[in-house]
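Every chain is numbered from 1, with letters handed out A, B, ... down the list of sequences.
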Amino acid sequence: MSNSDQSYFDSEEEIQEQENNPELIKTNEIVEDSDSDSDSEDDVPISQRRTKLNSTTSSISDATLINDKINSHSSSSSDSDSDQPLSKRMPNNNSSQKILDPKKRKIKKESKTTATNESSDSEDDIALSKRRKTTPLKKVKKEIKTEIKKEIETEIKREIKREIKTEEPKKATKRTRVKKEEDDEKPSKKKKTTAKVKEEKVSKKKKKEEEEDEVFRWWDNEKEDDSIKWTTLEHQGPYFPPEYVSHGIKMKYKGEPIDLVPECEEVANFYAQVIGTDWGENPTFRKNFFKDFLKVIKKKQPNCPIKKFEDCDFTPLTEYFTEQKEKRKAMTKEEKEVIKKEKQEIEDKYGWALLDERKEKVGNFRIEPPGLFRGRGEHPKTGTLKYRVYPESVTINIGKNAKIPEPPEGHKWGKIIHDNTVTWLAMWKENVNDSFKYVWLAAGSSLKGQSDFKKFEKARELKKHIGKIREEYTLELKDKLMATRQRATALYFIDKLALRAGNEKGDDVADTVGCCSLRYEHVTLEPPNRVIFDFLGKDSIRYYNEVEVSKQVYKNIEIFKRAPKKEGDMLFDRLNTTILNKYLQKSMKGLTAKVFRTYNASYTFQEELKKTVKNSTMNEKLLAYNRANRQVAILCNHQRAVSKNHSDQLKRIQDKILTSKYQRYLVSKEMLELDPTLKKKKPELGRLSRGITKEFIKSYEEKELEKKKAKLERDNEKRKIDGKELLTLEDMEKAKRQPSMERLQKQYDTLSKRIKAQQVLLIDKDENKATALGTSKINYIDPRISAAWCYKYDVPIEKIFNKSLRNKFKWAVEVDENFVF
DNA sequence: ACGTGCGACTCAGAAACCTATTA
DNA sequence: TTAATAGGTTTCTGAGTCGCACG
């Protein structure tokens, strides 16, 4: 036995446990067993993997007829689970988990395995750093900027006349390329993409205040050193919420109105505003709130009689706030205008920072107002009073020579620092979890954009290594060493299922897990090779997935779950995120668990997009896009609560479709009347779609009659005034001119189109009810894939990126249609 | 040398808000 | 035409990840 071996066993491996634990001896048998087991399950391409995922997560297949879909929706229970609010979805855990009896074998300990990882500390990849240009980051000179601006403006004018959309992609390509080489900036200004020009055009149209929109094209020359984030930084500091002003409404205690000092009243308000929501019913929330409420009372108003929550009546306050809400809603335009203006003024003042002489938008310049902490899931501290933040506890980070913003009157800043290795402008410590809150630049800022870009480049880098990494972990699934085997298994899940890393957490936060922190009870096995995941992940969102895994992985889980392990024990007891990430660094510089999520999301998206049909309609293309997006969202388990009136909404759309279908049927009947021979050529004419019941027709006719009557009445009103004789319904019928075949055909086609569009909408909507597409679009999908797709399929970028996304991804929209992630 | 907690950043869904559409 | 509603966008802030300093 080698030395390295020895040290491993001495430190933590199973040797001593083996002596008194027969179960673990079995473990080792398995390890041995599987070695001979030629488990050649190669890594499956993601495109295929996901289908596995799909078959379990989403139960609706595209092929299903819409009608059927809707019906199955309301009636069948097969997918009813997904209709529930996220938190309430029940596991279907009845499948008893069986632990297979492993064949008994002799224990053998081998040496070779241990060394492999240790020595595999091969030289890191340097591709990333190689890619870095030597060109230092340059500040775009002001004069040039203004010049650019002028040019843009003239170009805009030209552009308006031309309105050429199709040229965008090509232009964009050339531009980026040229830009990379050029050293002087002159050419660059001409390289403005038409897309950008358009964007500006639009904003110009809206507001002139867009003058400062001189885009800093940081992506033209990459930064050398990214530990220094800025050289000069100016800003106005954060904006503080107004001090509390008492409203004088009294809550009741034991039925009696009670006087509270403003400090106490404010806290009472917080709870009053939560009544009627889930928060108000949450026992932990109540408990924590009341505890803090009493604390404030004791301090500010010791003689206050409030002692028990049950005796409190907050409803007068609640009513007051609903009233206020209604009042605000009922405000006149002018009043609203005034408020809007005030808001705008605050934004103008605090919403901008000067970073290296460039004007950049500040993201969250408002200090969080006091309130009750809304911890998600079963957060033990939910409901706790979050204190008001005063300038004294705020640290300002600003340039050395910049003017320090004035703190609110009568206050001082806690600290002023000049740290240009960080990107925050202000910071304070929050009292509930003792964590930090920061004021940052907005998502569209250069700083955020650059790190976003880096993130996706890192994920693309992983693409080059993923083959090797998969090979390696597949091998290591059979490793003799428990720690290695666990690491490989965890990585397998992270890669195939896009699980989060799963740091350890304290017990003063909600009990949620990620991959490394999975526990015994979160994973169940179902022979022959099905693994069922059921746990609460980030934000206490339930992750439920049944996955078929390779034999080896199945076997491994069996081993990891073997007694004496029991509920509450870690599944990967020899693993944590630090170990995992340290290992990953060896395969690729900067590689961590979360990169897999980005990589797999973007890659999946790219693959899914290939299903777009070239000559389909815009709606169909967009549906294809959304479908791809949805696949990613499903992969990443991005969920949202199903809206209460979801089924109502579906019914309404379905009703519309039926109406259109019936109308089309009526038109087709007229067509046949005009030309009965048509029936032969187009047998679909005069055929009533199924789903149109007698009741439907009846109610349709009734509605039509109502409409006609209404119109008649209106017409007659007029006629009365004009002194003409009044008409009847029959007159109206007669007055209808005979439709020509051409007109009918046109009507028919229009209706057909409308039906199709509505059906597309319906499918999209239904498939989307519990899936949140936004998160993956904003954070995981390389925007360049989307941009390239737009160019390739001739879809205007505005269709898929709204204004803020276009702003956030301005660095990305210049790719050409051949961009490959 | 290693575990731990701090610090800074990304990612997350809900809620508020704003705007276009429809009754 | 207006008010209600739906749908999209923005804001808000909580919840993760991960590197690193520190003891």
Closest to the [X] side chain, choosing from [options]:
{"X": "A:Lys505", "options": "C:dG16, B:dA14, B:dC18", "result": "C:dG16"}
{"X": "A:Lys437", "options": "C:dG14, B:dC11, C:dG16", "result": "C:dG14"}
{"X": "A:Trp279", "options": "B:dA15, C:dT17, C:dA15", "result": "B:dA15"}
{"X": "A:Tyr438", "options": "C:dA15, B:dC9, C:dG19", "result": "B:dC9"}
{"X": "A:Phe373", "options": "C:dA15, C:dG19, B:dC6", "result": "C:dA15"}
{"X": "A:Met427", "options": "B:dT10, B:dA8, C:dC18", "result": "B:dA8"}
{"X": "A:Ser451", "options": "B:dC11, B:dA8, B:dT10", "result": "B:dT10"}
{"X": "A:Arg328", "options": "B:dC17, B:dG13, B:dC9", "result": "B:dC17"}
{"X": "A:Arg500", "options": "C:dG19, B:dG13, C:dT17", "result": "C:dT17"}
{"X": "A:Trp440", "options": "B:dA12, B:dC9, C:dT13", "result": "B:dC9"}

*Using the closest heavy atom to pick a nucleotide of DNA chain C for each, name whichever of A:Arg376 or A:Asn802 lands nearer the 5' end.*
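Nearer the 5' end of the strand: A:Asn802.
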
_If you assign A:Phe801 and A:Gly377 each to the DNA chain C nucleotide with the nearest heavy atom, which residue ends up on the more 5' nucleotide?_
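The residue mapped nearer the 5' terminus is A:Phe801.
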
*Start at the 5' end of DNA chain B and walk down; is the nucleotide closest to A:Lys325 or to A:Lys594 reached first?*
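Looking at the nearest nucleotide for each, A:Lys594 comes out on the 5' side.
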
*5' priority, DNA chain B, between A:Lys448 and A:Thr277 [closest heavy atom]*: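 Between the two, 5'-proximity favours A:Lys448.
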
What is the separation between atom [atom1] on [X] and atom [atom2] on [N], rounded to the nearest whole Å?
{"X": "A:Lys803", "N": "B:dC17", "atom1": "NZ", "atom2": "P", "answer": "18 Å"}
{"X": "A:Asp539", "N": "B:dA12", "atom1": "CG", "atom2": "P", "answer": "8 Å"}
{"X": "A:Asn637", "N": "B:dA12", "atom1": "CG", "atom2": "P", "answer": "10 Å"}
{"X": "A:Trp428", "N": "B:dC6", "atom1": "CH2", "atom2": "P", "answer": "19 Å"}
{"X": "A:Leu425", "N": "B:dC9", "atom1": "CG", "atom2": "P", "answer": "11 Å"}
{"X": "A:Tyr350", "N": "C:dT11", "atom1": "OH", "atom2": "C1'", "answer": "19 Å"}
{"X": "A:Lys454", "N": "C:dC18", "atom1": "NZ", "atom2": "C1'", "answer": "13 Å"}
{"X": "A:Asn431", "N": "C:dG14", "atom1": "CG", "atom2": "C1'", "answer": "14 Å"}

Please state whether the phosphate of [N], meaning OP1 or OP2, lies under 4.0 angstrom from any side-chain nitrogen or oxygen of [X].
{"X": "A:Ser435", "N": "C:dA15", "result": "no"}
{"X": "A:Gln585", "N": "C:dC18", "result": "no"}
{"X": "A:Arg597", "N": "B:dA12", "result": "yes"}
{"X": "A:Lys455", "N": "B:dC11", "result": "yes"}
{"X": "A:Thr775", "N": "B:dA12", "result": "no"}
{"X": "A:His379", "N": "C:dG14", "result": "no"}
{"X": "A:Asn581", "N": "C:dC18", "result": "yes"}
{"X": "A:Asn503", "N": "C:dT17", "result": "yes"}

Taking any heavy-atom pair under 4.0 Å as a contact, classify [X]: base, sugar-phosphate, or nothing.
{"X": "A:Gly363", "answer": "nothing"}
{"X": "A:Gly774", "answer": "nothing"}
{"X": "A:Ala593", "answer": "sugar-phosphate"}
{"X": "A:Lys381", "answer": "nothing"}
{"X": "A:Gly514", "answer": "nothing"}
{"X": "A:Ser804", "answer": "sugar-phosphate"}
{"X": "A:Thr578", "answer": "nothing"}

_Side chains of A:Tyr543 and A:Asn545 only: does a donor on one sit below 3.5 Å from an acceptor on the other?_
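On atom types as modelled, these side chains qualify, holding a pair under 3.5 Å.
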
_Just by distance, no angles: are the side chains of A:Asn288 and A:Thr382 close enough, under 3.5 Å, to form a donor-acceptor pair?_
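No.
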
*Determine, for A:Arg784 against A:Glu457, whether the closest basic-nitrogen to carboxylate-oxygen distance falls under 4.0 angstrom.*
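A salt bridge links A:Arg784 with A:Glu457.
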
*Do side-chain atoms of A:Gln585 reach the backbone of A:Leu591 as a donor and acceptor pair under 3.5 angstrom?*
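Between the backbone of A:Leu591 and the side chain of A:Gln585 there is a qualifying donor-acceptor contact (under 3.5 Å).
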
_N/O donor-acceptor pair under 3.5 Å between A:Thr318 side chain and A:Ala272 backbone_ =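 The answer is yes, because a donor-acceptor pair under 3.5 Å joins these two groups.
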
*Check whether the side chain of A:Lys538 and the base of B:dC11 form a donor-acceptor pair under 3.5 Å.*
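Such a pair exists between side chain and base.
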
*Please say whether more than 12 non-hydrogen atoms of neighbouring residues, nucleotides or ligands are located less than 6.0 Å from CD in A:Gln663.*
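Result for CD/A:Gln663: enclosed.
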
*Output the distance between atom CD (A:Glu347) and atom NZ (A:Lys361), rounded to the nearest 0.5 Å.*
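Output value for this atom pair is 6.0 Å.
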
*How far apart are the C-alpha atoms of A:Arg487 and A:Leu580, what are their side-chain angles, what is the distance that settles it, and do they pass the side chain to side chain contact (heavy atoms under 4.5 Å, CB included) test?*
CA-CA 6 Å; A:Arg487 192 185 65 207; A:Leu580 181 64; 3.8 Å; yes

